[in-house]
Amino acid sequence: MFKNILICSFVPENNEHVFENAIEIAKKFDSNIVSLKCIHEELPTFALFHTKSEKKKKEQLTKKIQTAFDETEKIAKLHNISIKTESVFVESLSEHVSTFVNKNEFDLFIPDFTPPSDITLHEHKDIVNKIYKNIDCPILTLK
């Protein structure tokens with residue numbers, strides 16, 4: 001039923017609740033999991049390039065994401081679940097995720113409902129709603 005499951009987060013940390021539920025579904029249906037972290041790309045301070053401090057911030061964020069992915073992969077391996085991880089920095093979260101879901105033909109989409117620090121909960125709900133309207137697979141929202 002759910003052969004390919006996508007967990008999507010807009011923050012670098014893992015939401016254990018979302019991941020634990022995805023693992024349980026994957027065990028039940030012998031599914032594969034893809035964990036996608038989409039981080040909103042901040043516009044550069046100067047129009048054409050990022051400053052050194054902006055680059056350093058992005059590097060630290062990338063390391064934080066990789067640490068979370070390493071933890072996720074260990075847990076999935078313990079449960080014999082196949083998992084792929086990917087992180088991207090994008091300007092439009094909803095547009096990128098919608099395209100990614102439709103291109104990869106997922107059977108279930110599970111968004112993390114933890115909003116990034118730079119947007120409000122209402123804006124985050126709008127992003128998830130836009131994704132929902134543009135994808136062809138079921139969506140499972142967990143709080």
Side-chain angles (χ1 to χ4, degrees), residues 1-46 48-132 134-135 137-143:
M1 183 172 198
F2 300 119
K3 192 65 184 157
N4 296 303
I5 300 171
L6 174 64
I7 304 170
C8 185
S9 176
F10 304 116
V11 293
E13 303 85 14
N14 286 338
N15 181 330
E16 298 302 319
H17 178 64
V18 171
F19 184 65
E20 288 170 2
N21 280 284
I23 287 287
E24 291 303 314
I25 294 168
K27 287 192 311 190
K28 183 172 182 164
F29 293 103
D30 193 29
S31 308
N32 301 311
I33 296 177
V34 173
S35 181
L36 175 66
K37 293 197 182 284
C38 291
I39 307 300
H40 186 253
E41 180 81 55
E42 294 181 23
L43 296 174
T45 302
F46 302 105
L48 300 174
F49 62 92
H50 289 280
T51 63
K52 285 183 182 180
S53 63
E54 290 170 333
K55 289 178 184 177
K56 186 171 183 161
K57 183 180 175 185
K58 187 173 181 178
E59 284 176 17
Q60 290 171 337
L61 200 52
T62 302
K63 285 179 185 178
K64 194 174 188 178
I65 290 169
Q66 189 55 51
T67 301
F69 278 155
D70 292 344
E71 190 178 305
T72 300
E73 290 168 354
K74 284 181 196 175
I75 294 168
K77 192 173 186 177
L78 287 173
H79 293 283
N80 294 320
I81 304 291
S82 171
I83 189 165
K84 292 180 184 173
T85 56
E86 184 176 331
S87 65
V88 291
F89 289 84
V90 295
E91 288 182 24
S92 172
L93 297 170
S94 60
E95 200 174 298
H96 180 80
V97 174
S98 298
T99 303
F100 187 82
V101 170
N102 291 328
K103 182 176 128 187
N104 292 290
E105 298 178 6
F106 289 101
D107 303 307
L108 182 63
F109 172 62
I110 307 174
D112 181 357
F113 239 87
T114 307
S117 59
D118 61 338
I119 65 172
T120 66
L121 182 59
H122 180 71
E123 290 171 318
H124 183 67
K125 287 180 181 180
D126 284 344
I127 291 169
V128 174
N129 191 38
K130 284 179 188 175
I131 295 168
Y132 172 72
N134 291 312
I135 63 174
C137 73
I139 184 170
L140 174 64
T141 55
L142 304 167
K143 290 186 181 184

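Pairing each heavy atom of Glu86 with each of Phe69, the nearest pair is O-CZ, 3.3 Å. Smallest separation of non-hydrogen atoms from Ile83 and Ala76: CG2-CB, 3.6 Å. Closest heavy-atom contact between Val18 and Pro111: CG2-O, 4.4 Å. Considering every non-hydrogen atom in both Cys137 and Val101, the closest pair reads SG-CG1, 3.8 Å. Across Pro115 and Val11, no two heavy atoms sit closer than the pair O-CG1, 3.7 Å. For the residue pair Thr72 and Phe19, the shortest heavy atom distance occurs at CG2-CE1, 3.2 Å.
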Item to complete: Any chance you could lay out the side chain to side chain contact (heavy atoms under 4.5 Å, CB included) test for Thr141 and Tyr132, step after step, and finish with the verdict?
Response: CA-CA 10 Å; Thr141 55; Tyr132 172 72; over 6 Å; no
Item to complete: Please report the C-alpha distance between Phe10 and His40 in whole Å, then the side-chain angles of each, then the deciding distance to 0.1 Å, and finally whether the side chain to side chain contact (heavy atoms under 4.5 Å, CB included) criterion is met.
Response: CA-CA 7 Å; Phe10 304 116; His40 186 253; over 6 Å; no
Practice prompt. Test side chain to side chain contact (heavy atoms under 4.5 Å, CB included) on Lys125 and Leu121 and set out the steps.
Written response: CA-CA 6 Å; Lys125 287 180 181 180; Leu121 182 59; 4.0 Å; yes
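In this structure, the side chains of Phe100 and Val34 come closer than 4.5 Å at one or more pairs of heavy atoms. Between Pro12 and Ile39 the shortest side-chain heavy-atom distance falls below 4.5 Å. Using a 4.5 Å heavy-atom threshold, the side chains of Leu36 and Cys38 count as touching. Between Glu91 and His96 the shortest side-chain heavy-atom distance does not fall below 4.5 Å. His124 places a side-chain heavy atom less than 4.5 Å from the side chain of Val128. Within the 4.5 Å cutoff, no side-chain heavy atoms of Met1 are placed close to those of Asp107. No side-chain heavy atom of Asn21 sits less than 4.5 Å from a side-chain heavy atom of Ile110. Annotation: side chain of Phe109 is in contact with side chain of Val97 (closest heavy-atom distance under 4.5 Å).
For the atom pair Ile75 CD1 and Glu16 CD, the distance stands at 5.5 Å (nearest 0.5 Å). In this structure, Ile127 CD1 and Ser98 OG are separated by 10.5 Å, a value rounded to the nearest 0.5 Å. Separation of atoms NZ (Lys64) and OG1 (Thr67) is listed at 9.5 Å; rounding is to 0.5 Å. The CD1 atom of Ile33 sits 12.0 Å away from the OG1 atom of Thr85 when rounded to the nearest 0.5 Å. Taking NZ from Lys55 and OG1 from Thr62, the interatomic distance works out to 13.5 Å, rounded to the nearest 0.5 Å. With rounding to the nearest 0.5 Å, the separation of OG in Ser35 from CD1 in Ile65 is 10.0 Å.
Exactly one residue among Asp30, Asn4, Asn32 makes a side chain to side chain contact (heavy atoms under 4.5 Å, CB included) with Ser82. That residue is Asn32.
Using modelled atom types, no side-chain atom of Asn104 and backbone atom of Phe106 make a donor-acceptor pair closer than 3.5 Å.
More than 12 heavy atoms of other residues, nucleotides or ligands lie within 6.0 Å of CD in Glu13, so this atom counts as buried by the packing criterion. Enclosure of atom CZ in Phe89 by more than 12 non-hydrogen atoms of other residues, nucleotides or ligands within 6.0 angstrom is indicated. The neighbour count for Lys27 NZ, taken as heavy atoms of other residues, nucleotides or ligands under 6.0 Å away, is above 12.
We find that Glu41 and Lys58 are joined by a salt bridge, their nearest charged nitrogen and carboxylate oxygen being less than 4.0 Å apart. Lys74 and Glu71 are not joined by a salt bridge, as no carboxylate oxygen comes within less than 4.0 angstrom of a charged side-chain nitrogen.
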